[in-house]
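So the structure is just underneath, and the comments pick up after that.
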Amino acid sequence: MEKRICIGLIREEKQPHDNRVAFTPRQCQWIMEHYPQVQILVQPSPHRCFRDEEYRKAGIPLEENLSHCELLLGIKEVPPEYLLAGKTYLFFSHTKKKQPHNRHMLQVILEKNITLIDYECLVHPDGQRILGFGFFAGVVGAHNGLLALGRKTGSFAFKPVHTCHDFQELITHYFGVKLPPMKIVVTGSGRVAAGVLEIMGLLGIKYIPPEEYLVNQYAYPVYTQLKAGELYLRKNDKTYSRADFHAHPEAYECRFLPYVTVSDVLMNGIYWDHNIPPLFNAADLKKENFRIKVIADITDDTNGSVPCNLGDSTIEDPVYGVIRETMEQTAPYLPDTVDMMCVSNLPNELPRDASQYFGDQIMKYVFEELLKSRSTMIENATIAANGLLTHHFAYLDDYVHPL
């Protein structure tokens, strides 16, 4: 007889409220049909992209009190006052880089004897992350970047993604859209870049290899894609190795600069760390030949790979301008500025699709591991258990116990 297990989908309490969820009503239904030992309860929420009524119709009970659930699944950090002692939680805790604003939450997790499994730390055996919303960040980021260029140039108009019910409605919005000639440079090769390329395909924007893109002009919209091995080369021998780059980024130089003189839009989806050289410098921004008008910084690191990222924008107000000479923030869509799209929660604009995509990944790769009595994958992603940091995350000790 298999042990019965109760899973609760918690209400997002962090402000501003996130509208995504770990499982859609249909996914909850599927899990309970295929795993009869599993019961799923949903905490009612006025903010969730799937309404309470949709869960009720799918036969999923709504329950305010989740204290009898063993596993509690959320998306964003849980404010400390809502944490239930002794439970196992899965959410994006944003603590593994010692983020200062989440220190208190992790301290309370340890005090309350909570087991914390972080989605971000769930990886395949080769180290690749299993879960993330990157694909829909790429989709929304690419759309927003083009929307900004349309507003800046007055040559075409897109509606904001968050006014669409779902991705399908966004796709129908593209029917018959004819874009003017433009050159777009896309960086990265992960999920974010895959989402950007999805939009390039839907809009019929043609791929051009980097070496041709740099020298030719086109009478129609085109893009090129620069993966890490094309963007970064070792200073001494001009080679690239992924493992070596991640271990010694300071030994590499960035080869992006020629693209600032020939591109209208940069869609940035490259991984960045503070040791990695930026794509260009503040001084490059001031030069006459800096042609880029719009930067969709989907990776979104303030003062990171894009030095004119001066901080996050919002879904409601996604774009701000940067004065090239002074690097000061100004109004968007002015003639001689660079417009920045730096929204940190882009998937929230397509929350129904992003939630379904996320839940699919959990169901394929994580769910059965959660039901096992022991799982290496789960253990490696567990930050805290039994009131202590686990050995993988012992380096956070000075973060939770500062002197």
Side-chain angles (χ1 to χ4, degrees), residues 135 137-159 161 170-190 192-233 254-270 279-280 284-285 287-299 305-306 308 318-319 321-322 324 332-341:
F135 177 79
V139 163
V140 178
H143 177 95
N144 282 358
L146 292 170
L147 183 149
L149 185 73
R151 285 194 181 164
K152 193 177 185 78
T153 58
S155 52
F156 62 97
F158 278 179
K159 66 179 179 184
V161 180
L170 182 68
I171 291 170
T172 59
H173 175 53
Y174 292 153
F175 292 172
V177 168
K178 181 171 184 281
L179 293 173
M182 65 176 83
K183 293 176 88 172
I184 301 165
V185 57
V186 180
T187 60
S189 58
V192 167
V196 172
L197 268 48
E198 181 81 5
I199 295 298
M200 299 296 106
L202 287 167
L203 286 164
I205 300 175
K206 185 173 165 52
Y207 171 76
I208 304 288
E211 55 281 7
E212 292 176 31
Y213 176 97
L214 277 173
V215 294
N216 295 336
Q217 295 302 316
Y218 301 89
Y220 45 86
V222 300
Y223 78 94
T224 197
Q225 181 185 13
L226 302 174
K227 300 174 183 178
E230 290 150 319
L231 264 178
Y232 297 101
L233 294 179
C254 182
R255 310 292 292 256
F256 183 73
L257 208 53
Y259 294 88
V260 308
T261 64
V262 298
S263 305
D264 301 295
V265 181
L266 160 60
M267 297 187 175
N268 185 35
I270 199 90
L279 296 177
F280 54 88
D284 301 315
L285 208 60
K287 292 177 184 163
E288 283 283 300
N289 64 356
F290 189 94
R291 175 172 150 183
I292 296 172
K293 300 181 187 77
V294 170
I295 299 176
D297 192 4
I298 306 165
T299 309
S305 46
V306 174
C308 46
V319 181
V322 173
R324 288 169 40 188
Y333 318 127
L334 300 173
D336 291 324
T337 56
V338 175
D339 280 335
M340 298 296 302
M341 193 292 305

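Index from 1, following the sequence. On a predicted model such as this, the values are computed, not experimentally measured, just so you know.
- For the 3.5 Å distance criterion, the side chains of Thr337 and Lys152 qualify, holding a donor opposite an acceptor.
- Contact of the Ile208 side chain with the Asn216 side chain is not registered, since no non-hydrogen atoms from C-beta on lie closer than 4.5 Å.
- Separation of atoms OH (Tyr259) and CD1 (Ile184) is listed at 15.0 Å; rounding is to 0.5 Å.
- Pro210 approaches Glu230 most closely through the heavy-atom pair CG-OE2, 4.2 Å.
- The structure places CG of Leu266 at 6.5 Å from CZ of Phe280, a figure rounded to the nearest 0.5 Å.
- Distance check, rounded to the nearest 0.5 Å: CE of Met340 to CG of Asp297 gives 5.0 Å.
- No side-chain heavy atom of Phe135 sits under 4.5 Å from any side-chain heavy atom of Val192.
- Around the CG atom of Asp336, the shell of radius 6.0 Å holds no more than 12 heavy atoms that belong to other residues, nucleotides or ligands.
- Of all heavy-atom pairs spanning Ser189 and Gln225, the tightest one is CA-NE2, 3.9 Å.
- Aromatic ring centres of Tyr213 and Tyr218 lie farther apart than the 6.0 Å criterion allows.
- The CG atom of Leu149 sits 6.5 Å away from atom NZ of Lys293, with the distance rounded to the nearest 0.5 Å.
- Taking the side chain as every heavy atom from C-beta outward, Tyr232 and Cys254 approach each other to under 4.5 Å.
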* Could you walk me through whether Tyr207 and Leu197 pass side-chain contact (heavy atoms from CB on, under 4.5 Å), step by step? => CA-CA 9 Å; Tyr207 171 76; Leu197 268 48; over 6 Å; no

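- Between Arg291 and Asp264, at least one side-chain N (NZ, or NE/NH1/NH2) sits under 4.0 Å from a carboxylate O, which counts as a salt bridge.
- Between the side chain of Ser305 and the main chain of Leu279, no donor-acceptor pair closer than 3.5 Å is present.
- Not one N or O on the side chain of Ser263 forms a donor-acceptor pair closer than 3.5 Å with the backbone of Ile292.
- The nearest pair of heavy atoms linking Gly145 to Ala296 is CA-CB, 4.0 Å.
- Ring geometry for Phe158 against His143 counts as parallel: the plane angle stays under 30°, on a 0 to 90° scale with 60° as the upper cut.
- Separating the CE atom in Met341 from the CG atom in Leu147 is a distance of 10.0 Å, to the nearest 0.5 Å.
- When atom types are taken as modelled, the side chain of Thr224 and the backbone of Val185 share no donor-acceptor pair closer than 3.5 angstrom.
- Distance check: Met200 CE to Leu146 CG gives 5.0 Å after rounding to the nearest 0.5 Å.
- Here the side chain of Asp339 pairs a donor or acceptor atom with the backbone of Tyr333 at under 3.5 angstrom.
- Closest approach of Cys308 and Val322 over heavy atoms only: O-CG2, 3.6 Å.
- Contact between Lys183 and Gln217 at its shortest, heavy atoms only, is NZ-NE2, 4.1 Å.
- Taking each heavy atom of Val319 and Ala148 in turn, the nearest pair found is CG2-CB, 3.9 Å.
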